[in-house]
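The shown structure was predicted, so the numbers you read here are calculated from the model rather than taken from an experiment. Every chain is numbered from 1 and lettered A, B, ... according to where its sequence line falls, protein lines coming before strand lines.
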Amino acid sequence: MRTSWADSVANSASENAASGSLENNGLSRPTRSTYVPPHLRNKTPPSSEPPAPSQSNDRIGYVGAIGGSRWGGGFKADVGRSGHNSSGSGYGYGGRTGGGLNSRSGAWDRKEREVNPFGEEDGKDAFGEQENTGINFDAYEDIPVDTSGDNVPAPVTSFAEIDLGEMLNQNIRRCKYVRPTPVQRYAIPIVLAGRDLMACAQTGSGKTAAFCFPIICGIIREHSVQRPRGPRTVYPLALILSPTRELSCQIHDEAKKFSYQTGVKVVVAYGGAPINQQLRELERGVDILVATPGRLVDLLERARVSLQMIRFLALDEADRMLDMGFEPQIRKIVEAMDMPRPGLRQTMLFSATFPKEIQRLASDFLSNYIFLAVGRVGSSTDLIVQRVEFVRESDKRSHLMDLLHAQRENGVQGKQTLTLVFVETKKGADSLEHWLYMNGFPATTIHGDRTQQERELALRSFKSGKTPILVATDVAARGLDIPHVAHVVNFDLPNDIDDYVHRIGRTGRAGKTGLATAFFNDNNLSLARPLADLMQEANQEVPDWLTRYASRASYGGNKNRRSGGGRFGGRDFRREGSFNRNMDYYGGGNIDSGYGIPSGYGGYTPGVASAWD
DNA sequence: AAAAAAC
């Protein structure tokens, strides 16, 4: 399997191609069943061959006019919007739901038909989705789970055990979710029980549903609550914050599905897009507001949104939301406006990584919370082959070109191999994209200096396979669910190992194998040790030269040490430093290694330094 | 030092 990177990519592509034949054993490797995120299960197989990719990128007039009009924004106003903002007619007045929710919101006299978010799923891109029946759901049974906190509610094993209500159950069926994922099994009962939650779980493990289901359920139950009526101010009951616009859009799209015909209204607000349209959406009523911090602060200062009635607050990618760049804004939203205090609202923090210092910060926002860490089946540990190569700065471009050439030659005919290339800077992204394009590789780029239209267009162009190479800054590192990414290249490694974890998590999704290649050189010395440790725990081959760098590397403190030494997760910082870590100092500490499966799953052997020690 | 996030 690990013969060469090109083979890995080719294997990945051929597994995609052979998906139909996989369905009966559900295994791409003999030893472990594969985990498929719920939103990707049970899609119908493609009915026709995907079209060959066209050799172009998404920039109008790009080739001939590199200088002037390149950034000119010469797009039509509706370009870049079709994937989102379908909320335009989102009245959610199902007719048979009783409609009590809408009458509060002042839009009850306009019964527009709610767009069915389930009808348009298939045949959307050049790939088609694989049939996932036959997945071995018993794979769930040996996922290590760690909970701590007072009186942790018992997990469930099926959606039927949870009373989410008929409307929500119907949408769960429409989403083809068969059984809850591990994070859902634990998180949903915790939130339904009214508890605050800090959850470590990988993206793609069903996090979005894990916080959306209990929020929607809670809003349906509280539908009789009286909300103030301002002439222009709206009073959402739930707020979901995320660090990037694209991620907010993605969460919004998901939440729309889950709340279809429940009468619960979901609105998204983010920067870079005209505010007027978003204001109109808000005026039509909002129960769940999904937003990026900057635009929300704007709306709050204009008094167009009040947080006074917030019952649920969810921070996705919570560790990023609380890092240095974001923390002041988040504190303003959560502590300095009219948001109810902890204990009077329910707060949920989710991320795949949760450094100790951030946990400490986050505890300001929480009240008697439960900490939940869910290990992963598949994805990084099992399904991503990680390679690291020593590449001098000046050799990076030609090295990348070699990779791409070989990949093109090894690719399965007619199947796209999406490659996501991470760089450090926005300028570097533009310059690399330009260079790739000039060398005949259809590439596009996404970063914070592009307009929102350009960003969304680039993402769509990449997802569809039109430009199968996407050069990205960290704006694309977290949370984005892009199926079919076979290869993540860390052209520039990040300085923080957590960022590396998030970046490589863009591949190896949906039970497919993925490849992550990193270019390492003298500029990345501080990453040598954490990277070597991480790869070792993930059972990856660590080159000798990296081990040497790692042992040589001495750096102060544990800044780059992952919290608790754990991989792909973390542990409750409240339990650090207690005299006996096995005593439940805070009560309720509980390591559940899972349903009678003996310890020793992958690298997570209890007793060894890991997330579960 | 860089990236993200409002106008």
Side-chain angles (χ1 to χ4, degrees), chain A residues 73 203 239-252 267-279 281-282 289-305 307 315-334 336-337 351 353 355 358 393 420-433 445-456 458-459 470-480 490-503 506 521-527 555 559-560:
Chain A
T203 318
L239 176 63
I240 300 170
L241 292 173
S242 92
T244 66
R245 299 162 181 174
E246 287 77 12
L247 185 52
S248 279
C249 287
Q250 183 179 299
I251 295 167
H252 169 254
V267 176
V268 66
Y270 55 89
I275 200 168
N276 281 333
Q277 189 183 343
Q278 293 173 8
L279 287 173
E281 294 297 332
L282 288 168
L289 178 57
V290 186
T292 48
R295 177 55 60 89
L296 178 62
V297 168
D298 190 9
L299 292 167
L300 291 169
E301 286 173 348
R302 294 179 191 220
R304 299 303 295 261
V305 170
L307 302 177
L315 303 192
D316 202 6
E317 307 298 340
D319 61 332
R320 169 61 77 239
M321 303 298 282
L322 293 170
D323 79 5
M324 286 198 315
F326 271 119
E327 198 210 347
Q329 271 181 309
I330 300 300
R331 280 203 188 276
K332 177 164 189 173
I333 292 166
V334 177
M337 307 303 287
S351 182
T353 53
I358 300 290
E393 213 57 44
L420 181 51
V421 182
F422 281 105
V423 297
E424 197 59 22
T425 66
K426 294 177 279 197
K427 272 183 69 174
D430 277 337
S431 131
L432 181 59
E433 180 239 20
T445 182
I446 184 168
H447 61 70
D449 273 355
R450 301 199 78 190
T451 68
Q452 193 55 27
Q453 279 185 5
E454 289 170 330
R455 285 166 58 158
E456 291 176 21
L459 200 53
L470 179 65
V471 183
T473 60
D474 269 331
V475 70
R478 285 171 172 259
L480 292 187
N490 273 291
F491 189 89
D492 302 318
L493 273 164
N495 295 315
D496 189 320
I497 190 69
D498 280 350
D499 292 331
Y500 174 84
V501 170
H502 285 275
R503 286 178 177 187
R506 297 315 100 209
N521 62 34
D522 288 338
N523 296 327
N524 311 114
L525 291 185
S526 72
L527 204 65
Y555 47 90
K559 181 180 161 290
N560 234 342

Worksheet item: In whole angstrom, what separates Asp496(A)'s CG from dA1(B)'s P?
Response: 17 Å
Item to complete: State which of dA6(B), dA1(B), dA4(B) makes the closest approach to the side chain of Thr292(A).
Response: dA6(B)
Worksheet item: Can you list the residues that meet the ring pair (Phe, Tyr, Trp, His ring centres under 6.0 Å) rule with Phe326(A), with sequence neighbours excluded?
Response: none
Practice prompt. Please check the phosphate of dA2(B) (OP1 and OP2 only) for any side-chain N or O of Lys427(A) closer than 4.0 Å.
Written response: no
Fill in: Length of the CG-C1' vector between Asp498(A) and dA4(B), whole Å
17 Å
Worksheet item: Any N or O donor-acceptor pair linking the side chain of Asp474(A) to the base of dA2(B) at under 3.5 Å?
Response: no
Worksheet item: Across the strands shown, which category fits Gly325(A) at heavy-atom distances under 4.0 angstrom: base, sugar-phosphate, nothing?
Response: base
Response to the item:
Residues passing the salt bridge (Lys or Arg N to Asp or Glu O under 4.0 Å) test with Lys332(A), sequence neighbours excluded, are Glu301(A)
Worksheet item: Which nucleotide in the list dA5(B), dA6(B), dA3(B) gets nearest to the side chain of Phe326(A)?
Response: dA5(B)
Practice prompt. Please report, rounded to the nearest Å, how far the P atom of dA1(B) is from the CE atom of Met324(A).
Written response: 11 Å
Worksheet item: NA contact type, Arg455(A), heavy-atom cut-off 4.0 Å: base, sugar-phosphate, or nothing?
Response: sugar-phosphate
Discussion item. Tell me whether the side-chain N/O atoms of Arg245(A) come closer than 4.0 Å to OP1 or OP2 in dA6(B).
Written reply: yes
Worksheet item: Are any side-chain N or O atoms of Ser242(A) and backbone N or O atoms of Ser248(A), one a donor and one an acceptor, separated by less than 3.5 Å?
Response: yes
Worksheet item: Does OP1 or OP2 of dA5(B) have a side-chain N or O of Thr244(A) closer than 4.0 Å?
Response: no
Discussion item. If I take atom CG in residue Leu299(A) and atom P in nucleotide dA5(B), what distance separates them, rounded to the nearest angstrom?
Written reply: 16 Å
Discussion item. Using whole Å, what does the distance between atom P of nucleotide dA3(B) and atom CD of Glu424(A) come to?
Written reply: 7 Å
Discussion item. If I take atom CD1 in residue Ile333(A) and atom C1' in nucleotide dA6(B), what distance separates them, rounded to the nearest angstrom?
Written reply: 11 Å
Worksheet item: Which part of the nucleic acid, if any, lies within contact of Val297(A), taking any heavy atom under 4.0 Å across all strands shown: a base, the sugar-phosphate backbone alone, or nothing?
Response: nothing
Fill in: Glu424(A) to Asn495(A) - nearest heavy-atom pair and separation
OE2-ND2, 4.1 Å
Worksheet item: In terms of side-chain heavy atoms, does His447(A) have a donor or acceptor partner in Asp430(A) at a distance below 3.5 Å?
Response: yes
Worksheet, complete the sentence: Rounded to whole Å, CG of Asp492(A) lies from P of dA3(B) at a distance of 11 Å
Worksheet item: Nearest-Å distance, CG (Leu241(A)) to P (dA6(B))?
Response: 11 Å
